[in-house]
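In what follows, a single structure is set out as structure tokens and then discussed.
Proteins get letters first, then strands, A, B, ... in listed order; numbering begins at 1 in each. The figures that follow rest on heavy atoms only: side chains count, while hydrogens, waters and symmetry mates do not.
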Amino acid sequence: MELAAIITKLNKAAPGAVLQKARFGRGGAQAIWIEARALPAVAATLRNDPDLKLDWLENLSVAQLEDALVITYFLRSRETPLCAILRATVTLNENESPAELPEVPSVREIWPMARSMERESSELFGIRFGGELAAAGILPKGWRGFPLRKSYVFPQEVFGIAHSRQGTDHA
Amino acid sequence: MLERLRTDLTYWEIGPYHGALPGPMRLKLRIDGEIIVSGELETGFLHRGLEKAMELHPWPATITYADHLDPEAAVFGELALCLAVEEISGLEAPPRAQAIRVLLSELTRISAHLGYIARVGRATGAETLIHYVLRDRERILDLFELLTGARYSLNFVRFGGVAADVTEGFIERVLEVSELMRVRLKEYNDLFTFNHAFLLRAAGMGVIEMGLAFRHGLTGPNARAAGISFDVRKAHPYLGFEALDFEVPLGHGEAGRQGDAHDRFLLRLREIPQSLEILKHVAENVPSGEYACMKIEREFEVPRGEGYGRVESSRGLLACHVVSDSGRFPARIQFRVPTTATLALLPEVIAGLPIADLPVLLASLDLSLAEADR
Amino acid sequence: MSSYPQEASWINLLSSTLGFTPGTQEWVFAAIGLVFIYCVIILPSAAMMSFLDRKLSADFQARVGPNRAGPAGVFQPLADLVKLLQKEAASTDWNWREALWLGVHTMALYSTVAVIPLGSMALLVDTDMSVFLPFWAALVLALGTMLLGFSQASVPGWFGGIRIAAQVLAGAFPSLVAVLCAGIHSGDYRWSAFVGAQAAFPLRWTAFSDPFQFIAFVVFVAGGLVMLAVPPMDAAVSLRDLHGGVSSHLFGRRLSLYRLGRFYGFFLWSVMATVIFLGAWTLPFGLGGVLRTREELWLLQLLETLWLLGKTFLLMLAITSLARVHPRGRIDQVTDFSWKVLSPFSLFALIGSALWTGWGLLR
């Protein structure tokens with residue numbers, strides 16, 4: 001299935017959801033950028049459309065580019081060799097209160113395997129998937145900050161143990 | 001009378017450290033007599049912040065971290081990272097380097113599967129099997145030592161190639177070891193695979209059905225034992241796997257049901273001869289030429305862009321998403337590891353099992369906590 | 001059936017050797033005998049068997065085994081013992097329940113030293129109940145071990161305790177029936193009767209005297225493995241699923257006591273199997289008769305004990321070698337095996353050997 005045809009389908013199912021298509025990497029793969037708000041509708045279409053059946057969320061990757069979090073969904077179908085990449089962005093505003101953390105609709109009802117991936121990204125990036133901040137249990141209880149954000153400041157002391165990051169050539 | 005016996009459920013917490021666990025994790029079980037009613041899982045005890053650490057180090061140093069993703073099968077992490085970075089920077093590994101990478105990756109697969117067999121043997125109390133298998137895994141670790149100087153953390157794959165050319169005699173010894181493995185596999189089979197007591201323990205136990213496997217995105221040998229024919233080496237060929245002739249075995253439930261613990265064990269045993277086949281073919285046809293397309297300096301920079309590398313690790317689909325905003329440091333390196341899916345379906349599999357089956361089940365799932373926690 | 005002269009009993013032998021007056025109480029001799037057997041036979045046997053087991057299994061498994069303590073590692077058992085004895089308690093809380101039940105467990109176990117048959121003159125107690133005393137001890141042992149597990153208030157202790165009790169009950173029944181079979185053959189349940197019914201030549205051992213006795217022998221050994229949780233029937237104390245069951249909370253001196261007790265159970269069972277089914281201590285080539293007529297009683301006793309122990313060790317080694325290549329059964333599979341396989345076979349052997357013996361008498 002051509003990417004253009006997928007986009008046509010998406011435009012029909014969720015008008016205004018698709019922002020653009022862009023090249024992903026050098027391998028000729030294309031990514032579909034969508035509005036984060038429209039994620040559930042788009043995901044449901046991709047999964048349920050009989051021509052697409054993208055029912056397998058292979059990977060959910062979050063990356064911070066400047067002050068935006070880019071969420072990438074690597075999708076594939078278990079029946080056809082079709083693969084697709086879905087991307088959405090949320091903006092970060094620093095010094096946010098817990099209620100103002102960026103929110104992205106959850107897709108775990110559509111792709112059940114998203115549950116553990118969303119929980120992990122939620123804990124390490126401070127994204128509220130589906131409105132809640134999940135704890136995957138990776139960080140110790142009471143840990144402050146979201147380590148994978150660029151603005152993360154390493155603590156000087158952890159549980160009474162002094163901690164320093166001298167000697168690395170991090171610019 | 002019955003009410004006064006207080007027959008309510010017992011709560012048992014295992015871990016984070018326990019002999020039956022594959023790594024540091026905590027299992028919170030509710031048990032009714034000896035039957036597990038439900039189980040919850042807590043992981044994260046082995047979180048080392050690998051992904052964050054990679055962002056803080058120059059590009060060449062990230063390989064060392066990728067190597068620690070799964071200490072038991074170090075090459076796969078390195079390989080996924082290097083494939084992704086090569087995609088961004090347009091580097092092409094020369095044919096000789098590709099061949100060496102295939103050799104390393106298949107040797108690692110065999111050694112990881114042997115480790116798996118030993119763990120299943122340990123869980124079922126088959127001591128002799130453990131020692132036989134570990135003795136033979138030593139031979140492969142010796143090969144790693146000969147090639148890379150290390151036995152576990154190889155740190156050998158580089159962007160655009162490998163760190164060094166093959167050592168003298170390495171190829172011959174690969175062929176020798178793969179011949180030896182063939183003989184040994186028969187030994188393991190005779191000793192253990194269809195042993196009555198092992199069948200009693202493993203056949204029909206801990207069944208992962210196809211639907212359950214799909215729901216959690218399970219990949220690798222566990223998924224293939226459940227009947228899902230997905231192998232990255234076939235679906236997205238890398239390192240020239242498209243030109244190699246090998247089969248992807250599937251589970252049939254020969255002794256019990258499709259996707260049971262015995263199927264998972266058997267499937268790994270069947271994958272080893274396939275890897276041996278690949279090893280033999282590649283080792284006999286190693287192309288001459290360079291082992292790397294360029295020397296990677298400390299100041300190596302990756303242009304702005306993104307790459308996604310997928311490899312079939314010994315546990316399943318291992319993917320690496322690399323984002324570079326140009327410069328000496330990566331913007332983001334993310335790993336998709338197969339164990340996440342296995343851990344996610346664990347609570348559904350353990351419900352209804354007697355606690356005596358727990359060690360065998362955990363061993364048969366081949367969990368790598370190092371990989372899952374990162 | 002015992003045809004040994006009365007003056008050759010162990011009491012006369014001991015009192016004449018140690019120079020006691022004839023009026024000394026019997027219990028004094030019994031106490032001396034118990035301590036003597038424990039120190040001279042059981043402890044060295046435990047050390048030797050653990051060394052042999054480790055060394056031989058290392059050989060099977062393509063590794064070296066103990067090789068540091070002494071030449072070829074022969075002092076390894078001693079080193080282990082010394083290490084365990086010096087270990088300090090992990091917690092300073094004195095768990096008196098654990099100590100109490102470990103004590104019960106140990107006393108039940110070693111009460112059987114009184115009946116352990118080690119030679120024609122080393123039968124401390126030789127009554128028609130002797131052979132049943134170990135069964136009684138095993139039940140008390142199960143109770144002690146179970147409560148020892150309960151006293152630890154941990155899940156491995158609980159399940160380990162219950163599993164031990166389940167295994168003892170499951171294993172005791174078929175082995176008891178197997179002993180009855182052998183009793184039909186020998187006509188009595190005294191050790192001397194069992195010995196008298198056999199000769200030195202293997203085909204005249206009870207185990208090979210008729211097919212039903214052979215079944216009874218196999219059932220007796222297998223039932224004993226289940227009863228005493230010897231590998232591969234050691235689901236109750238498996239390290240993997242239960243962290244070693246009852247022993248998971250024992251350490252240091254208590255652990256060494258517990259381990260020695262487990263070895264002793266296995267040893268006792270093998271001695272019993274050898275005496276009842278495998279020709280006991282009867283020396284080959286009529287050597288026993290020659291020595292007895294020459295009145296070389298100490299030499300006779302020594303040779304008999306060595307001969308018996310040699311056979312016992314071979315039996316134990318055969319069992320442990322089997323365990324090395326055999327995966328461990330799950331607890332319910334072990335008890336099922338005992339109830340559903342061993343028990344029917346033992347009853348079959350009982351009926352069969354009764355008919356066989358009855359037929360022989362009628363003819």
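- Both the sub-6.0 Å distance and the 45° axial angle are not jointly satisfied by B/Arg336 relative to the ring of A/Phe74.
- A donor-acceptor pair under 3.5 Å is absent between the side-chain atoms of B/Arg332 and the main chain of A/Gln64, judged by distance alone.
- By the 6.0 Å contact criterion, CD on B/Glu242 is enclosed, its count of non-hydrogen atoms from other residues, nucleotides or ligands being greater than 12.
- Within a 6.0 Å radius of CD in B/Glu13, other residues, nucleotides and ligands contribute more than 12 heavy atoms.
- For the pair A/Leu124 and B/Lys52, the minimum side-chain heavy-atom distance is 4.5 Å or more.
- The side chain to side chain contact (heavy atoms under 4.5 Å, CB included) with A/Ser116 is formed by just one residue from the set B/Leu345, B/Thr43, B/Thr340; it is B/Thr340.
- Heavy atoms of B/Ile88 lying under 4.5 Å from chain A belong exclusively to its backbone.
- At least one side-chain heavy atom of B/Gln334 sits under 4.5 Å from a side-chain heavy atom of A/Asn59.
- In plain terms, the two heavy atoms of A/Cys83 and B/His236 that are nearest each other are SG-CE1, 3.8 Å.
- For CZ of A/Arg37, the number of neighbouring non-hydrogen atoms (other residues, nucleotides, ligands) closer than 6.0 Å is 12 at most.
- For chain A, the nearby parts of B/Glu306 are the backbone and the side chain; heavy atoms of each come within less than 4.5 Å.
- At a heavy-atom separation below 4.5 angstrom, chain A is approached by B/Thr219, B/Phe230, B/Ala235 within residues 219-235 of chain B.
- Contact record, B/Leu218 with A/Trp56: O-CZ2, 4.4 Å, taken as the closest heavy-atom pair.
- Among B/Gly90, B/Ala84, B/Gly305, the residue with the largest count of heavy-atom pairs under 4.5 Å with chain A is B/Gly90.
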I would like to know whether B/Arg374 and A/Ile138 meet side chain to side chain contact (heavy atoms under 4.5 Å, CB included); could you show each step before the answer?
-> CA-CA 9 Å; B/Arg374 297 199 277 291; A/Ile138 292 172; over 6 Å; no
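- Using a 4.5 Å cut-off between heavy atoms, B/His216 touches chain A through its backbone atoms (N, CA, C, O) alone.
- For chain B, the nearby part of A/Arg76 is the side chain; its heavy atoms alone come within less than 4.5 Å.
- In terms of non-hydrogen atom pairs under 4.5 Å with chain B, the most contact-rich of A/Glu58, A/Arg115, A/Glu120 is A/Glu58.
- In this structure, chain B has a heavy atom under 4.5 Å from the backbone of A/Leu60, while its side chain stays farther away.
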